Amino acid sequence: MSFRSFRFLARFANAHHHPPTSTHRFPLSSLHAPPSSPHHHHPHLDERLVLDQISHLFPIPASESQNPVSKPLEPPPPDAKPVDAFLSPEDKLRGVFLQKLKGKASIETALSNVGADVDVNVLGNVLNYGNLSGESMVTFFNWAVKQAGVPNVVGSYHVIVKALGRRKFFDFMMGVLCDMRQRGIDGDLLMLSIVIDSFVRAGHVSRAIQVFGNLNDLGLRRDTEALNVLLSFLCRRSHVGAANSVLNSMKGKVCFDVDTYNVVAGGWSKIGKVGEVERIMREMETDGVLPDCRTFGFLMESLGRAGRMDEAVEVFCGMRGKNCQPDTSAYNAMIFNFLSVGDFEECMKYYNRMLSDNCEPDLNTFVRIISAFLRVWKVADALEMFDEMLKRGVVPSIGTITAFIKRLCSYGPPYAALMIYKKARKLGCMISVEAYKILLMRLSKVGKCGTLLKIWEEMQECGYSSDLDVYEFIISGLCNVGQLENAVLVMEEALGKGFCPSRLVYSKLSNRLLATKKTETAYKLFLKIKHARSLENARNYWRTNGWHF
């Protein structure tokens with residue numbers, strides 16, 4: 001029976017429908033009621049009869065999925081994971097704002113339904129990453145401070161104020177500061193430094209000075225420490241003229257100490273203004289503040305930047321005559337001056353004089369000397385100075401080690417970079433994931449496969465997880481030395497973790513497999529890559545269209 005006939009029968013049944021009195025089944029060709037029924041005086045068609053006959057003509061297989069009413073829904077198995085289990089708590093919380101919910105109550109309800117444990121670290125990850133608007137950031141923060149894991153203290157406000165200031169949401173930033181004061185929380189010097197640095201970094205110098213003039217709004221006093229914070233950030237961002245104006249306007253209102261003058265002197269020294277540094281020193285003497293070694297160091301650095309090395313040497317030699325014994329900062333000024341002109345002999349001369357005067361070099365001393373050696377490819381001298389630094393107990397920072405490894409891996413074989421890596425790791429220094437990636441990239445290019453795999457293993461032992469870049473470096477390195485089977489295994493591991501290598505890396509491995517007559521392996525890898533790319537395209541699509549929900 002065609003679909004048109006079915007529509008005709010249904011229309012016919014609706015037109016002659018009466019309450020049915022008989023449930024006996026009759027052939028579909030008999031369009032009249034059964035003759036034995038005493039209540040039917042007119043011919044008609046029973047709708048139930050028609051549907052019953054159609055169900056025999058078009059049988060539908062009964063299944064649990066097609067008859068959900070007959071059987072109650074079973075709860076999911078206990079080991080079943082939610083569809084968004086692979087998302088981090090930060091992604092889940094940020095995903096709430098992709099729904100464009102209206103009203104703060106609905107947004108807070110959705111945030112609570114996420115079920116994520118929120119602490120200060122999660123708060124920072126949500127606010128510092130992604131592309132939330134200023135209103136969304138404030139809404140999330142107001143909800144987060146109501147949770148048990150985020151204390152309603154000034155430390156939590158540091159996170160939101162810094163995140164808003166970094167994105168130049170200044171109106172929302174000032175609103176958060178007002179809310180903080182209304183809740184009875186006073187700011188501190190760290191909060192002041194965050195606010196001032198946000199304004200100065202964006203070029204709003206006048207607003208930064210205005211914040212200093214209205215410190216009562218933050219619950220702070222306008223004293224020497226607050227003034228030094230303002231001057232230091234102004235000079236750090238090369239607004240020395242504004243800092244000098246603030247210094248002159250605050251005379252008689254705030255007490256100055258030696259650090260106040262040194263901050264401004266350091267700003268003038270950075271741009272080589274010798275006359276301004278000397279003027280600051282004269283003002284210090286007039287106000288009865290004695291210059292210290294940092295002050296003389298700034299004067300010597302400004303003379304060195306102006307190319308007046310002889311005068312810098314005279315200032316250094318005359319420090320003892322002014323009852324100021326040279327310390328590490330003074331020696332550093334002379335060392336840096338000679339490094340800037342490439343005079344390594346005089347540089348090491350003052351370094352040895354520093355040691356003979358029982359002045360211990362600091363991290364800045366070694367970093368500047370080693371960086372200067374690496375800049376002119378004096379690798380042996382740089383390694384010797386690095387050993388000297390470790391021998392004296394000066395522990396390099398993570399960024400310092402990364403900078404050294406990055407410089408060494410930019411030219412030549414990675415032997416010297418591996419030396420610094422091994423010595424730093426033996427000392428217990430932390431190695432950044434960026435440093436590991438740089439080493440893996442360099443070892444992959446030069447074909448050091450054994451060292452490559454060893455560094456990769458040590459990277460995983462340090463708790464770093466491999467990302468797409470790491471897998472591509474490993475696969476490329478294994479292809480360069482002909483270990484195609486291991487490269488395929490690494491490729492499959494990357495695909496299993498959701499990473500789809502680039503077409504360049506895949507083509508390199510596939511061509512090598514085809515060149516060695518491993519057609520079946522290449523075809524299986526092609527199918528896996530095809531499936532992985534389809535999943536990646538789907539993830540990218542849903543990520544741009546609100547994949548969290």
Side-chain angles (χ1 to χ4, degrees), residues 90 93-111 118 120-147 150-222 226-227 229-239 242-243 245-246 249:
E90 298 84 3
L93 294 170
R94 275 194 299 267
V96 171
F97 296 94
L98 295 175
Q99 305 178 74
K100 305 298 182 181
L101 300 175
K102 295 182 179 180
K104 294 182 179 180
S106 59
I107 295 176
E108 291 182 355
T109 301
L111 290 172
V118 183
V120 178
N121 294 329
V122 175
L123 173 67
N125 292 334
V126 172
L127 297 176
N128 294 325
Y129 302 98
N131 56 351
L132 296 180
S133 63
E135 183 179 2
S136 300
M137 295 170 69
V138 174
T139 302
F140 173 74
F141 176 78
N142 292 333
W143 171 82
V145 293
K146 300 176 185 178
Q147 310 305 311
V150 180
N152 192 13
V153 295
V154 67
S156 302
Y157 284 88
H158 290 162
V159 180
I160 178 66
V161 171
K162 190 173 183 179
L164 291 171
R166 185 185 297 112
R167 301 185 185 182
K168 301 180 182 180
F169 296 146
F170 298 127
D171 294 338
F172 293 101
M173 182 180 72
M174 300 307 295
V176 169
L177 293 176
C178 293
D179 294 341
M180 180 185 71
R181 290 289 295 143
Q182 291 177 359
R183 295 175 183 176
I185 302 175
D186 294 333
D188 53 5
L189 291 178
L190 180 57
M191 179 66 76
L192 177 63
S193 64
I194 293 173
V195 176
I196 291 178
D197 186 42
S198 300
F199 282 125
V200 175
R201 184 173 58 247
H204 302 321
V205 179
S206 59
R207 295 193 66 179
I209 299 175
Q210 184 180 1
V211 169
F212 174 76
N214 300 325
L215 286 180
N216 293 331
D217 297 340
L218 295 178
L220 296 174
R221 294 186 300 107
R222 193 167 57 178
L227 176 62
V229 169
L230 173 62
L231 296 177
S232 62
F233 281 101
L234 288 175
C235 293
R236 184 180 302 177
R237 302 292 179 180
S238 300
H239 296 285
S245 300
V246 172
S249 63

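Every value quoted in this text rests on a predicted model; they were computed, and no experiment measured them. Hydrogens, waters and symmetry mates play no part in the numbers below; they use all other heavy atoms, side chains included.
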For this session: Look only at the side chain of Ser156 and the backbone of Asn152, and say whether a donor-acceptor pair between them is shorter than 3.5 Å.
Result: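 Judged by distance alone, no pair lies under 3.5 Å.
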
[atom1] of [X] to [atom2] of [Y]: how many Å apart, nearest 0.5 Å?
X	Y	atom1	atom2	answer
Ile194	Tyr157	CD1	OH	14.0 Å
Leu101	Thr109	CG	OG1	9.0 Å
Lys100	Ser136	NZ	OG	7.0 Å
Asn121	Glu90	CG	CD	9.0 Å
Asn142	Glu108	CG	CD	7.5 Å
Leu189	Ile196	CG	CD1	9.5 Å

Closest contact, heavy atoms only, [X] versus [Y]:
X	Y	value
Ala144	Leu123	CB-CD1, 3.9 Å
Ala163	Asn128	CB-OD1, 3.5 Å
Val159	Gly124	CG1-CA, 3.6 Å
Leu220	Gly187	CD2-O, 3.2 Å
Leu215	Ala226	CD1-CB, 3.8 Å
Cys235	Ala243	SG-CB, 3.7 Å

Any side-chain heavy-atom pair from [X] and [Y] closer than 4.5 angstrom?
X	Y	result
Thr139	Leu111	no
Val145	Arg183	yes
Leu177	Asp217	no
Phe172	Met137	no
Phe140	Ile107	no
Lys168	Phe170	yes
Asp186	Val154	no
Met173	Phe199	yes

Problem set entry | Single hit among Arg237, Lys162, Arg236, Arg166 for salt bridge (Lys or Arg N to Asp or Glu O under 4.0 Å) with Asp197 |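 Single salt bridge (Lys or Arg N to Asp or Glu O under 4.0 Å) partner of Asp197 among Arg237, Lys162, Arg236, Arg166: Arg237.
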
Exercise. Given Val195 and Ser198, is the side-chain contact (heavy atoms from CB on, under 4.5 Å) satisfied, shown in steps?
Worked result: CA-CA 5 Å; Val195 176; Ser198 300; 5.8 Å; no

Problem set entry | Residue pair Leu93, Trp143: steps toward the side-chain contact (heavy atoms from CB on, under 4.5 Å) verdict | CA-CA 11 Å; Leu93 294 170; Trp143 171 82; 4.3 Å; yes

Exercise. Crowded around Arg181 CZ? As in, over 12 foreign heavy atoms under 6.0 Å?
Worked result: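 Result for CZ/Arg181: enclosed.
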
Exercise. With a cut-off of 6.0 Å (strictly less than), are more than 12 heavy atoms of other residues, nucleotides or ligands near CG of Asn131?
Worked result: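 Open.
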
For this session: Could you check Leu227 against Val246 for side-chain contact (heavy atoms from CB on, under 4.5 Å), going step by step and ending with a plain yes or no?
Result: CA-CA 9 Å; Leu227 176 62; Val246 172; 3.9 Å; yes

Problem set entry | Residue of the set Leu127, Val176, Leu132 for which side chain to side chain contact (heavy atoms under 4.5 Å, CB included) holds with Val138 |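 Between Val138 and the candidates, side chain to side chain contact (heavy atoms under 4.5 Å, CB included) is satisfied uniquely by Val176.
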
For this session: Walk me through it: do Leu192 and Val211 pass the test side-chain contact (heavy atoms from CB on, under 4.5 Å)?
Result: CA-CA 8 Å; Leu192 177 63; Val211 169; 4.1 Å; yes

